[in-house]
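Just so it is clear, the structure is predicted and the values come from calculations on it, not from any experiment.
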Amino acid sequence: MSALILALISGAVVGIALGALGGGGSVLAVPALIYLLGFTPAAATTASLIIITATSLTALYAHARNGNVRWRAGALFAAAGLLPAAAAGAAASRLPQPVLTATFAAIAAHAAVKMLRPSQVSTGQAPVVQPAKAVGAGAGLGALTGLLGVGGGFLAVPALVTVLAFEMQTAVGTSLLVISANSMASLATRGATATGIDWAVIGPFMGAAILGGWDGKRLASKITGTLLQRTFAIVLLVVAALMLVDALT
């Protein structure tokens with residue numbers, strides 16, 4: 001199968017994940033770029049951030065039109081992670097790749113387990129956001145985004161649901177704001193690795209991801225938040241297991 005077809009298929013899957021689940025795009029994009037398209041780990045993480053930034057901004061617009069974005073809480077959450085994302089992004093190149101991969105897998109698995117636990121019944125009212133919790137969770141997410149080369153949606157959604165008590169659909173929409181901000185901050189420290197990126201592959205990948213994001217958004221509006229949450233958690237567990245095996249072999 002040609003690289004172009006693989007890029008288009010992978011991009012569509014990543015876009016659907018981002019649009020429907022508000023995250024998981026980088027968790028899928030990084031392995032696809034490395035194992036299917038032959039990118040080096042450094043180039044794959046940088047290319048993933050470029051793809052996720054463009055796709056997240058597009059999907060954010062779609063979710064905002066439906067009122068699924070809490071701008072003040074999302075901006076506070078995202079702002080707290082900007083400096084940690086930039087600092088961790090600069091330090092990431094100094095760490096061994098197996099360590100980064102194993103850390104990535106462990107954190108993804110932990111987030112998935114938390115999302116599979118029964119959640120409290122929503123009252124239907126918007127939760128009261130506690131600034132200290134939002135800042136703490138946002139800073140931690142930003143650091144992990146920069147370190148692992150991901151947009152952070154696979155952690156932003158669980159954090160918004162479990163720490164800030166967002167409903168799933170609102171967490172999905174708001175996480176896209178956080179992903180966009182953190183990805184751009186991390187990209188600012190990765191200019192050197194951008195020179196080795198094959199844009200002939202990344203362009204089609206990104207285009208398919210953007211179109212897939214719109215399809216994912218429509219899918220999210222047709223199924224329940226509980227089903228979305230469980231689907232997201234299962235995807236995370238599978239990917240975490242595969243990446244952990246890779247890191248240990």
Side-chain angles (χ1 to χ4, degrees), residues 14 17-18 21-30 45-46 48-53 55-57 59-60 63 68-92 95 99-115 127 129-168 170-190 229 232-233 235-236 239-240 243:
V14 167
L18 270 173
L21 304 175
S26 295
V27 175
L28 301 175
V30 171
T45 54
T46 301
S48 173
L49 287 170
I50 294 170
I51 293 165
I52 298 308
T53 299
T55 309
S56 297
L57 287 171
L60 173 63
H63 278 274
N68 289 333
V69 180
R70 296 194 64 199
W71 294 99
R72 291 182 63 184
L76 178 63
F77 195 97
L82 293 181
L83 288 178
L95 296 177
V99 172
L100 293 178
T101 303
T103 303
F104 186 110
I107 293 171
H110 175 70
V113 169
K114 290 197 70 172
M115 294 199 76
V129 176
Q130 299 182 31
K133 285 187 175 181
V135 169
L141 177 64
L144 290 171
T145 296
L147 186 66
L148 302 177
V150 297
F154 76 106
L155 297 173
V157 171
L160 291 169
V161 170
T162 61
V163 178
L164 301 184
F166 279 29
E167 293 184 351
M168 186 61 185
T170 304
V172 167
T174 305
S175 75
L176 292 166
L177 173 62
V178 179
I179 293 168
S180 300
N182 283 346
S183 295
M184 287 186 284
S186 184
L187 269 175
T189 67
R190 289 172 175 260
Q229 189 167 323
F232 191 12
V235 170
L236 282 183
V239 174
M243 295 193 77

What's the shortest heavy-atom distance between [X] and [Y], and which atoms?
| X | Y | value |
| --- | --- | --- |
| S56 | I179 | OG-CG2, 3.1 Å |
| A171 | V161 | CB-CG2, 3.7 Å |
| L160 | S175 | CD1-N, 3.7 Å |
| A139 | P84 | O-CB, 3.5 Å |
| L177 | A75 | CD2-N, 3.7 Å |

Can you name the side chain to side chain contact (heavy atoms under 4.5 Å, CB included) partners of A106, sequence neighbours left out?
none
Within the 4.5 Å heavy-atom criterion, are [X] and [Y] side-chain neighbours or not?
| X | Y | result |
| --- | --- | --- |
| V14 | I52 | yes |
| L176 | V69 | no |
| V178 | L141 | yes |

Would a distance-only check, ignoring hydrogens and angles, find a side-chain to backbone donor-acceptor pair under 3.5 Å from T174 to R70?
yes
Spacing of F166 atom CZ and N68 atom CG [to the nearest 0.5 Å]:
11.5 Å
